[in-house]
Participant: 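Got a structure for you, written out below as structure tokens; questions coming shortly.
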Amino acid sequence: MIFRHLFLIPIGIALAAEVPAAEPYLAWRAEPASVPEPLGGLKGDAQRGRAVAANQAQGNCLACHPLPIPEEPFHGEIGPPLAGVGSRLPAVGIRLWVINARLIKPDTIMPAFYLDPKEIYRSDDDHAGRTLLSAQQVEDVVAYLATLK
Amino acid sequence: MIRFLVLLLIPLSLWAGPKSGYEYLTPESRAIQDDDFQNPGMSAVEEGSKLFHAQGEEGHSCATCHGEGGAKLDPRRIAAYPVFGKAQGKPVTLRDRVHICWEERLGNFPLEFDDKNALYLETFVRHLARGEPVNVDVSAELKPFYEMGEKLYRTRLGQFGMTCYHCHDQYPGRKMRAQPLSEGQTNGFPTYRLGSGKVTSLGDRLNECMVSLRAARFEHDSEDYRNLEVYLNARGNGLKIETPAVRY
């Protein structure tokens, strides 16, 4: 009987290996309409940020917002169009929207992409202890959105 | 002039009352639901009908009490589910009622809560009330359960941290990526899903939402889902039952 289950061990290891360990959560400080410092002092990359915004498994900003990403079909109709957001908001303001929009608009549908995992209620096992985006991905998306003038 | 018309339309849309998921379907999808010979959900109704007429361990069938084809079942009472169960001291959903009869009246070995035979029986019975307006009375005993259900409906869940209310009250009719959001009404359940090709219970549909939110699911047979079912059905009071509806 024991042997019947031995073959499951490598499968278990393979599954565990697929999900990288959660990065340590980095604290951030919000002002009324901004997060002045980049997360972890990281520098964002606009090109990578554009990819994160379009990727369905990552930022998926397109789920709700129309964006100037013409090669992707089906932009959502929930949030405001983000073309020109870089002219309307400074990067530090965009950062607060991405990190935790509820601090600006408490009732918003918009997910908080860098919420302290302790504040997440009923996360499923695969995502427990994790933020929606990594600190680097947040900074990349902020850098990308800031270029949309 | 346009502004005036828009201002006029806003209150009109608020008066319109709840909107069935049917209204968010394309004409092609509506046609599938409208024709019993095309609607694949009817196979679950047929399976349920067979079970309804099958003899149980104690020598009789559902039809022995409820009439051939369920003729003695009152569609208005079916449309009133979930009801408050005095013996249980809590809401009893139509699914619960199927299990209670299966075990206590037919004397059969208990089924898993989300067993497909229970789904077929629930689909068959609710189909008997097709066209009947949902009418769940939450003014008395069910009130606290309705309120707990509404609380869950408005709780941010999972890594995405959205509530049911966000998608289904604030943005019905808008698209999330390619998917149009509906009001999340329950009048068509159990419902045939064009995406999966399966007849789906409300509990399974709620679990799909939980997966989308990256939230831990509740058990099918949990008080949380039972309370939510009370809230959702009462929220759709007045909508006609469409079981088995066709949905995406």
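Per chain, numbering begins at 1; letters A, B, ... match sequence-line order.
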Participant: Could you tell me which of B/M210, B/R214, B/Q170, B/K175 has the largest number of non-hydrogen atom pairs under 4.5 Å with chain A?
Facilitator: B/R214

Participant: Under 4.5 Å from any heavy atom of chain B, what part of A/D107 do you find: side chain, backbone, both or neither?
Facilitator: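 Backbone plus side chain of A/D107, per the 4.5 Å heavy-atom cut-off to chain B.
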
Participant: Here's one to test your reading of the geometry: is the NZ or CZ of B/R177 within 45 degrees of the ring axis of A/F74 and under 6.0 Å from its centre?
Facilitator: no

Participant: Salt bridge check: are B/K19 and B/E183 linked by an N-O gap of less than 4.0 Å?
Facilitator: no

Participant: Output the option from A/T108, A/N60, A/T131 having the highest count of non-hydrogen pairs under 4.5 Å with chain B.
Facilitator: A/T108

Participant: Could you walk me through whether A/D45 and A/E139 pass side chain to side chain contact (heavy atoms under 4.5 Å, CB included), step by step?
Facilitator: CA-CA 7 Å; A/D45 177 288; A/E139 290 306 324; over 6 Å; no

Participant: If I measure from the heavy atoms of chain A, does B/L213 come under 4.5 Å with its side chain, its backbone, both, or neither?
Facilitator: neither

Participant: Counting heavy-atom pairs closer than 4.5 Å to chain B, which one of A/R122, A/H65, A/E77, A/M110 comes out on top?
Facilitator: A/R122

Participant: Mark yes when over 12 heavy atoms from residues, nucleotides or ligands other than A/Q47 sit less than 6.0 Å from its CD; otherwise mark no.
Facilitator: no

Participant: Just give me the residue among B/G173, B/A178, B/A215 that pairs up with chain A most often, heavy atom to heavy atom, under 4.5 Å.
Facilitator: B/A215

Participant: Are B/R30 and B/Y24 in a cation-pi contact, defined as NZ or CZ under 6.0 Å from the six-membered ring centre and within 45° of the axis?
Facilitator: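 No.
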
Participant: Quiz question: by atom type and distance under 3.5 Å, do the side chains of B/Y248 and B/S29 form a donor-acceptor pair?
Facilitator: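 Yes.
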
Participant: Go through the atoms of B/T155 and report whether side chain, backbone, both or neither lie under 4.5 Å from a heavy atom of chain A.
Facilitator: side chain

Participant: When only pairs under 4.5 Å are counted, which of A/R102, A/E72, A/Q56, A/H75 shares the most heavy-atom pairs with chain B?
Facilitator: A/R102

Participant: If we define contacts as heavy-atom pairs under 4.5 Å, which of A/P111, A/S123, A/G76, A/P117 has the most with chain B?
Facilitator: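 Looking at each of A/P111, A/S123, A/G76, A/P117 in turn, A/S123 comes out on top.
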
Participant: With a 4.0 Å cut-off on N to O distance, would you call B/E229 and B/R226 a salt bridge?
Facilitator: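 Looking at B/E229 and B/R226, the cut-off is not met.
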
Participant: Count the heavy-atom pairs under 4.5 Å between each of A/L62, A/I78, A/D125 and chain B, then report the option with the highest count.
Facilitator: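 Of the candidates given, the most pairs with chain B belong to A/I78.
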
